[in-house]
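Below is one structure, written out as structure tokens; comments come after it.
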Amino acid sequence: MRILHVASEAYPYIKTGGLADVVASLPRAQAQLRHDVRVLIPAYRAAVSRLRNAAAIAEVRLPGLPGFVRILTMPPRDGSPTVWLADYAPAFDRDGNPYVDDTGEPWDDNAERFFLLCRVAVAIVHNEDLLDWRPDVVHCHDWQTGMVAPLIADSHDVVKVFTVHNLSYQGIFPRSTFTSLGLKEELWTMDGVEYLDQMSFIKGGIVFSDWITTVSPTYAREIQTSDLGCGLDGLLQHRADNLLGILNGIDYDEWNPATDSHIAFHYSADNLDGKSRNKRACMERWSLKGRADTPLFGFIGRLVEQKGIDLLVAALPGLLSSGYPFVVLGSGDPALERKLKEIARAHPGQIHVRIGYDEQMSHQIEAAADVFVMPSRFEPCGLNQMYSMRYGTVPIVSQTGGLADTVVPATPKNLSVNIATGFVFSEFTADALTKAVDQSVALFRDAQQWRALMQCGMNTDFSWTHSARAYLELYQTPSTSSIPGEKHNTGGG
Ligand code: ADP
């Protein structure tokens with residue numbers, strides 16, 4: 001199959017979160033299964049600076065757009081798919097984050113920027129001569145690409161798939177934006193992209209795609225409820241026959257403690273010596289004190305409400321006074337950043353807080369920590385708990401979304417049959433989190449039991465192979481419900 005992935009980020013070109021990891025590793029897994037896969041992302045300034053031997057291979061002229069969009073690419077690495085970067089300086093050649101400005105506010109031209117990305121994808125579908133290639137499947141990711149499906153609704157020979165990585169980001173803009181983008185009036189309906197009198201990019205993807213997927217089976221169910229449906233639960237229930245959850249995998253080359261170039265000592269499930277050496281070295285570097293019989297706790301993530309960092313902040317003073325050392329890496333909400341820095345100042349030697357984005361340190365934390373804390377309010381899939389298990393770092397997670405689907409709780413029964421991989425708490429309170437931490441400390445003191453827990457996580461298969469196949473199967477399955485006003489696509493590929 002010829003598959004085009006369209007997204008707003010892909011590692012290593014640009015990454016702000018798990019989306020970038022998925023858009024790197026899913027296409028690669030599909031390419032390795034011998035499909036013809038291409039990835040289209042914006043040519044942000046930061047992404048272009050990472051290109052080596054880049055060439056402009058095409059110019060896309062779009063009606064009403066001054067100048068043209070260049071398509072940049074580089075010779076693909078062995079086994080990797082070709083990546084195309086849509087280069088239009090006024091939209092993407094600027095410093096900083098892909099979505100927000102220095103003050104944390106969304107760029108005020110986000111609708112225009114990502115609509116442009118959508119139009120480039122549409123041009124690739126409509127004009128085979130442009131890149132001498134035309135996809136059988138267009139697989140779009142998150143709201144930034146939500147307007148692709150409505151614009152190719154007439155292309156019945158192309159399978160349209162839309163993956164929701166996080167329903168709480170929807171791309172909502174005023175009616176005036178809809179008008180200025182020049183969209184056809186017939187899209188301004190409840191069955192189109194109108195949402196409470198505003199324009200919704202994500203609705204475009206959900207309404208007009210043949211298949212909607214999300215990144216874990218539990219999240220696929222949760223988004224059909226009013227609790228986690230973010231106002232779209234009704235629409236998602238309506239499309240339930242064409243909605244399913246496919247669990248993300250992780251990149252086994254990028255995240256492998258036996259070969260990871262970011263960590264000082266390599267190790268594996270059969271030889272765990274390197275893990276304790278990483279812990280000792282990192283604790284020294286991070287100026288952390290701690291007793292040998294006490295686990296080192298780690299947290300990595302965006303400092304936003306979703307990640308339950310407020311719960312951790314509430315629990316931290318108590319946990320630190322119990323003598324549990326912590327390392328925290330993240331950036332996001334300025335108030336949460338300040339709070340964490342305050343806690344660090346009040347507890348020298350007990351907690352190391354690094355505010356910022358640091359790929360290398362994230363690997364080092366996974367290698368050095370004994371326990372990874374991920375108390376998310378909701379979590380579509382989550383990658384860090386899987387990286388943790390692969391690194392023998394036992395996760396403590398809240399019972400939600402992909403966390404519930406990937407971590408097997410350390411109940412006495414699961415421990416006795418050796419299938420437990422972590423700690424799961426269901427009540428979303430600082431008390432419940434503290435109890436889970438206490439439970440992990442107790443189990444840590446039983447070296448044999450702990451090793452079994454680590455090894456069980458390390459030996460669980462979180463690779464992409466299974467999920468990549470599940471997507472390929474989906475592309476070939478005829479979708480059942482109809483798209484408004486259109487003859488629906490009966491599959492293909
Ligand atoms: P989300 O996509 O909601 O941010 P995920 O757990 O799916 O959450 O993926 C987060 C990814 O981003 C992981 O690869 C994680 O290691 C990385 N990450 C998040 N914050 C940071 C940071 N401050 N420094 C380095 N990596 C980070």
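Whatever order the structure lists ligands and atoms in, that order sets their numbers, starting from 1.
Note: an N/O pair closer than 3.5 Å links D21 and ligand 1 by distance alone. Not a single N or O atom of W255, backbone or side chain, sits closer than 3.5 Å to an N or O atom of ligand 1. Considering both main-chain and side-chain atoms, G18 comes within under 3.5 Å of ligand 1 through a nitrogen or oxygen pair. Here's the thing with G17: none of its N/O atoms is less than 3.5 angstrom from an N/O atom of ligand 1. Residue D358 places at least one N or O, backbone or side chain, under 3.5 Å from an N or O of ligand 1. Of the polar atoms of S331, none of the N or O atoms is found under 3.5 Å from an N or O of ligand 1, judged by distance alone. Considering backbone and side-chain N/O of L383, one or more are found under 3.5 Å from N/O of ligand 1. The distance criterion of under 3.5 Å between nitrogen or oxygen atoms is met by N384 with respect to ligand 1.
The shortest heavy-atom distance from M361 to ligand 1 is not under 4.0 Å. Heavy atoms of G382 come nearer than 4.0 angstrom to ligand 1 in at least one pair.
Which parts of ligand 1 touch G356 is read off a 4.0 Å heavy-atom cut-off, strictly below it: atoms 22 (C), 23 (N). Interface of R302 with ligand 1, defined as ligand atoms under 4.0 Å from a residue heavy atom, comprises 1 (P), 3 (O), 4 (O), 20 (N).
No cation-pi contact links R377 to F428, judged by a cut-off of 6.0 Å to the six-membered ring centre and 45° from its axis.
Between Y471 and W211, the ring centre distance reaches or exceeds 6.0 Å.
Within the 4.0 Å heavy-atom criterion, neither part of H165 lies near ligand 1.
For D431, the salt bridge (charged side-chain N to carboxylate O under 4.0 Å, His left out) criterion is met by no residue, not counting sequence neighbours.
A side-chain donor from one of S8 and Y99 sits under 3.5 Å from a side-chain acceptor of the other. Donor-acceptor pairing under 3.5 Å is recorded for the side chains of T163 and H139.
Using a 4.5 Å heavy-atom cutoff, the side chains of H5 and L26 are in contact. Side-chain contact between Q30 and Y475 is present, with at least one heavy-atom pair separated by less than 4.5 Å.
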Tabulate below the donor-acceptor pairs under 3.5 Å that side-chain atoms of residues 391-399 make, not counting sequence neighbours, or state none.
| from | atom 1 | to | atom 2 | distance (Å) |
| --- | --- | --- | --- | --- |
| Y391 | OH | N256 | N | 3.1 |
| Y391 | OH | D260 | OD2 | 2.6 |
| T393 | OG1 | K275 | NZ | 2.8 |
| T393 | OG1 | E366 | O | 2.6 |
| T393 | OG1 | A369 | O | 3.2 |
| T393 | OG1 | Y391 | O | 3.4 |
| S398 | OG | S376 | N | 3.1 |
| S398 | OG | S376 | O | 2.5 |

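Summary of contacts: the protein heavy atom closest to atom 1 (P) of ligand 1 is K307 NZ, 3.5 Å.
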